[in-house]
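Here the structure is a predicted model, which means the values were calculated and not measured.
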Amino acid sequence: MAYDMAEKVLEQADIYAVISGYISLTQKSNRYWGVCPFHKEKTASLCVSADKGFFYCFGCGAGGNVIKFVSLIEGISYGEAINVLAERLGIKREGSKKENNLLKANESAQEYYQKCLLTTKQGYECRKYLEGRGLGAEEIKEYGLGYAPEEWEGLQKELKDYSGEELTRAGLVIKRKSGTGYYDVFRGRLMIPIRDEYGQVLGFGGRVIGEGEPKYLNTAETEIFNKRRTLYGLDKAKNAIRKSGAAIMVEGYMDAISLQSKGIKNVVATLGTALTSDHAQQLRKYTDKIIICYDSDGAGQKATERAIPIMRKSGAEVYVSSVPEGKDPDEYIRKEGAEKFRQLMSRAQSVLDYNLKKVRERADITTRQGKLRALNEIMSMTEKIDDAITRNEYEQKISAALTLDEETVRREWNRYERTGRKAIKVRAEESKTEMAKMTVLQVMISDREVIEYVKMMVPSEMFTSEEQEIIEWLEKNKSRDVNSEELSEGARSKIARAMINNECEVKEFKDSLDTLRCIWLKGRYESLMQKAKEKPEDMSYIKESLQIKKEMDRLKSEGGQ
């Protein structure tokens, strides 16, 4: 009966001990006082009466018994709060014997794996691996890390109190297809216990030590474990998430462990699977602000782009932080330290800024058509905005990033919304910029020696991805066969287009290079002037913009543009 369970919880739970596990309490007379976690305040207004078993906030009016407190702070129902407290107090719930057995089996397995890591010769290589990643005995115990020896029945011999069927249901062993008996799922792996938000072991992640596939192996889906609904590290991160007001999302266990062990406590990770709406809703119980900090490689960036709309759909305020130099969060914090990592998180980009950066990297914004195509793309990535202030801020940022005037952005955005968010039709007319690039490409195809000079004069961002592909291919290949199948269809088509033009004179080549450099300098100049407006105290932006203006004037006087 739920009523009986609640009564048992209220009889056994110490409200002071429970609440002080979430916030700091100070005793005054026979009461305890703390800063209320349910509204923003600086002066402690939450009062706890231990003898009466109640709390009350004089600031926001929140109050009730210990179950109500847990319900509010965990963002769960009253009934769920009863179960949470019952679990902590060791009160058995009716009808949960099977579930409790699975949890106990996992706890026993975790103890066995840790013993193997700390006390056996087989665990030595695993300990050396962890030491190499800055994790010693303290972290091993803190995170319950262990080692599954390279044995087929090692776990079963240790966990004799559990039947093969029970261990199978827990995802720890597999029934043999031929003959009788079972064999261990995890062998020769670093074992990372996966806990729910209340600290109960639901399953394991096993990382291979040395060679072997798969690199990571998770417990299969069980009656208590579903990786689509589980976030690694949430049990240790949730209070820090509440306190800091933000959750940092990383991709893997080791990133989360490394960051948490070095003082960045508000970190959670998905379990080798894409972020789901369940993950998003779970995090939203603790904060409105999510910082996505996935690996900076191609796979990590794709995962970031998939995660953004899921998080935004949950109502979260989403930011993106990119770890520099191709590192993952674990590598970065080990090399640069916690303070540098905190600074990196403080500079996390809004989704708009992140998307603008990605669009600029992909798009050719040296032409009006290219700018409008980029505007199309960024509008398709941006949700409909009814708030006038936010809309105005977005328009200003987009116009600055794409070097379009705000009126153009506003007009096209209004048209985009009126037509049911359908793309703007962009004319495919050839521009002066495109003609200049065709000329430069033609010369590079016929004379590879000029490529270094072109790269020195014109940054790669001036060229489209297909044009960059051509330039890279020309550098690596001396062959005259520019129809190579190593090139994409689009690149081969662009080469053909460049080659059908008449051969150009030296002056035409120089003028084309000057045109492209002028356009790049203009974009750089406008960007610096925007930054100078935002940070007038920083004179470096003004100094650099003056140098650029001087070079632009020189090129124009020579006929570059």
Side-chain angles (χ1 to χ4, degrees), residues 296-299 301-302 324-326 357-374 377 402-403 426-524 527 548 551-552 554-556 558-561:
S296 52
D297 60 11
Q301 293 308 303
K302 285 180 181 177
E325 300 173 19
K357 180 175 179 288
K358 301 305 289 184
V359 168
R360 278 177 60 91
E361 288 172 355
R362 292 192 290 257
D364 173 13
I365 60 168
T366 60
T367 68
R368 183 169 179 79
Q369 303 96 285
K371 290 177 183 181
L372 290 176
R373 289 190 185 98
E377 187 174 355
L402 303 182
T403 59
V426 181
R427 294 193 308 275
E429 64 185 19
E430 189 159 69
S431 69
K432 186 178 180 181
T433 309
E434 289 170 317
M435 291 175 66
K437 288 199 288 184
M438 283 295 105
T439 299
V440 171
L441 278 174
Q442 184 194 58
V443 173
M444 285 192 288
I445 291 167
S446 58
D447 183 0
R448 313 290 165 87
E449 299 299 320
V450 304
I451 294 176
E452 277 303 313
Y453 178 63
V454 171
K455 289 172 69 176
M456 183 177 69
M457 289 291 290
V458 183
S460 61
E461 65 198 65
M462 283 293 294
F463 295 98
T464 66
S465 58
E466 287 174 347
E467 290 159 355
Q468 289 180 38
E469 180 189 352
I470 294 167
I471 294 169
E472 288 174 11
W473 188 88
L474 291 172
E475 280 187 292
K476 294 175 185 174
N477 295 275
K478 301 301 179 185
S479 169
R480 293 290 172 185
D481 180 17
V482 288
N483 288 311
S484 170
E485 290 187 1
E486 293 176 24
L487 291 163
S488 67
E489 179 94 19
R492 293 203 299 272
S493 173
K494 186 149 285 194
I495 287 174
R497 184 176 166 195
M499 294 302 289
I500 61 169
N501 291 329
N502 295 326
E503 288 189 14
C504 67
E505 301 293 331
V506 172
K507 185 178 184 307
E508 187 181 348
F509 171 62
K510 182 184 181 303
D511 287 347
S512 295
L513 267 183
D514 287 349
T515 295
L516 295 177
R517 184 160 181 82
C518 262
I519 292 166
W520 177 76
L521 288 170
K522 183 181 177 183
R524 179 67 183 152
S527 174
I548 288 174
E551 185 179 356
M552 286 169 62
R554 178 184 64 78
L555 288 170
K556 285 179 181 177
E558 293 175 2
Q561 193 176 27

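Taking the side chain to side chain contact (heavy atoms under 4.5 Å, CB included) definition, one finds that Thr464 meets it with Asp364, Lys437, Glu466, Glu467, Lys494, sequence neighbours left out. The side chain to side chain donor-acceptor pair (under 3.5 Å) search around Lys510 returns Asp514, not counting sequence neighbours. Glu472 meets the side chain to side chain donor-acceptor pair (under 3.5 Å) test with no other residue; sequence neighbours excluded. Glu551 is linked by a salt bridge (Lys or Arg N to Asp or Glu O under 4.0 Å) to Arg517, Arg554, counting only residues two or more places apart in sequence or in another chain. With sequence neighbours left out, the side chain to side chain contact (heavy atoms under 4.5 Å, CB included) criterion links Lys357 to Gln349, Glu361. For Arg360, the salt bridge (Lys or Arg N to Asp or Glu O under 4.0 Å) test picks out no residue, with sequence neighbours left out. With sequence neighbours left out, the side chain to side chain contact (heavy atoms under 4.5 Å, CB included) criterion links Gln468 to Ser460, Phe463. Evaluation of the side chain to side chain donor-acceptor pair (under 3.5 Å) rule for Thr403 yields Lys371 as partners, not counting sequence neighbours. Under the salt bridge (Lys or Arg N to Asp or Glu O under 4.0 Å) criterion, Lys476 pairs with no residue at all, not counting sequence neighbours.
Taking the side chain as every heavy atom from C-beta outward, Leu441 and Met438 approach each other to under 4.5 Å.
Evaluated for a side chain to side chain contact (heavy atoms under 4.5 Å, CB included) with Leu513, the options Val458, Thr439, Leu555, Val450 yield exactly one hit, Val458.
Distance check: Trp520 CH2 to Met457 CE gives 10.5 Å after rounding to the nearest 0.5 Å. Summarising the geometry, atom CD1 belonging to Ile519 is positioned 10.5 Å from atom CE belonging to Met552; distances are rounded to the nearest 0.5 Å. The line from CD of Glu377 to CG of Leu372 is 13.0 Å long, rounded to the nearest 0.5 Å.
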Practice task
Decide yes or no on side chain to side chain contact (heavy atoms under 4.5 Å, CB included) for Glu508 and Asp511, but give the supporting numbers first.
Solution key: CA-CA 5 Å; Glu508 187 181 348; Asp511 287 347; 5.7 Å; no
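Ser296 approaches Gln301 most closely through the heavy-atom pair CA-NE2, 3.5 Å. Residues Ile548 and Leu521 approach most closely at CG2-O, 3.5 Å, considering heavy atoms.
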